[in-house]
Amino acid sequence: MNGIVKTPEPPYYAVIFSSQRTEGDRGYGKMAEKMVELASQQKGFLGVESARDEGLGITVSYWVSLDAIKNWKENSAHQVAQDRGKNEWYKSFALRVCKVERDNFFEI
């Protein structure tokens with residue numbers, strides 16, 4: 001998925017994942033692609049936006065409900081990726097779950 005996600009009328013939820021990576025890929029890129037593909041198949045998934053520079057990565061996924069987020073968190077393949085993230089890929093990370101109550105878009 002590329003670009004800005006076209007989300008429905010609020011309310012909906014955003015999961016903001018900010019991270020600092022360890023050195024080297026060690027399968028990270030392939031797993032990240034797999035997780036986006038798998039998340040997009042989950043009930044309640046609305047889309048994802050992601051950006052990374054050399055130090056900081058930010059991924060925002062959008063969901064229809066807190067239950068949809070919980071189900072994604074508990075997905076067994078996602079749990080494997082979470083474990084590898086903690087043990088191999090991240091120096092640090094933060095995860096925030098937010099309710100979107102208003103949004104605004106601009107496009108030329």
Side-chain angles (χ1 to χ4, degrees):
M1 294 182 177
N2 295 329
I4 296 173
V5 173
K6 302 296 185 199
T7 48
E9 286 292 316
Y12 54 89
Y13 292 85
V15 175
I16 305 166
F17 181 74
S18 304
S19 64
Q20 293 186 303
R21 289 278 320 278
T22 55
E23 294 294 322
D25 184 81
R26 293 184 308 283
Y28 177 84
K30 189 172 183 177
M31 182 67 85
E33 288 176 13
K34 181 178 176 182
M35 288 301 102
V36 170
E37 179 182 336
L38 185 59
S40 69
Q41 298 169 11
Q42 301 299 301
K43 184 178 178 183
F45 177 79
L46 298 172
V48 63
E49 299 163 343
S50 189
R52 177 168 291 284
D53 68 13
E54 292 185 26
L56 178 67
I58 300 173
T59 299
V60 183
S61 59
Y62 300 96
W63 302 85
V64 298
S65 67
L66 291 173
D67 283 338
I69 294 167
K70 180 178 180 277
N71 290 337
W72 172 237
K73 182 182 186 328
E74 294 175 351
N75 176 285
S76 60
H78 186 209
Q79 288 183 339
V80 169
Q82 291 172 56
D83 289 342
R84 286 193 69 190
K86 291 174 185 174
N87 295 316
E88 296 178 51
W89 295 322
Y90 299 118
K91 290 180 188 176
S92 63
F93 66 81
L95 185 114
R96 298 167 177 100
V97 177
C98 310
K99 183 176 183 180
V100 177
E101 297 183 356
R102 185 172 66 89
D103 60 20
N104 194 358
F105 295 89
F106 169 81
E107 186 174 336
I108 294 178

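Because only heavy atoms are used, hydrogens play no part in the values below, and waters and symmetry mates are left out as well, while side chains stay in.
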With a cut-off of 6.0 Å (strictly less than), are more than 12 heavy atoms of other residues, nucleotides or ligands near CD1 of I4?
no
Looking at K6, I'd like to know if its NZ atom is crowded, meaning that more than 12 non-hydrogen atoms belonging to other residues, nucleotides or ligands lie closer than 6.0 Å.
yes
Nearest-0.5 Å distance that lies between atom [atom1] in [X] and atom [atom2] in [Y]:
| X | Y | atom1 | atom2 | answer |
| --- | --- | --- | --- | --- |
| Q79 | E74 | CD | CD | 7.0 Å |
| T59 | E49 | OG1 | CD | 10.0 Å |
| M35 | Q82 | CE | CD | 9.5 Å |
| K70 | N75 | NZ | CG | 12.5 Å |
| K91 | E23 | NZ | CD | 5.5 Å |
| K43 | N71 | NZ | CG | 9.0 Å |

Over all heavy atoms of both residues, which pair between [X] and [Y] is shortest? Give the atoms and the distance, please.
| X | Y | result |
| --- | --- | --- |
| W89 | A81 | CZ3-O, 3.8 Å |
| L46 | V5 | O-CG1, 3.5 Å |
| A68 | G44 | CB-CA, 4.0 Å |
| V64 | Y13 | O-CD1, 3.9 Å |
| L56 | I58 | CD2-CD1, 4.0 Å |

Determine, using the 4.5 Å side-chain heavy-atom cutoff (strictly less than), whether V97 and W72 are members of one ILVMFWY cluster.
yes
Are Y12 and W63 an aromatic pair by the rule of ring centers under 6.0 Å?
no
Contacts of E88 meeting salt bridge (Lys or Arg N to Asp or Glu O under 4.0 Å) (sequence neighbours excluded), chain-then-number -> R84
Contacts of Q41 that satisfy side-chain contact (heavy atoms from CB on, under 4.5 Å) - sequence neighbours left out
E37, L38
Is it the case that R52 and S19 place a side-chain donor and acceptor less than 3.5 Å from each other?
yes
Sequence-distant partners of Y90, ring pair (Phe, Tyr, Trp, His ring centres under 6.0 Å), two or more places apart
F17, Y28, F93
Close side-chain approach of T7 and D103, heavy atoms under 4.5 Å
yes
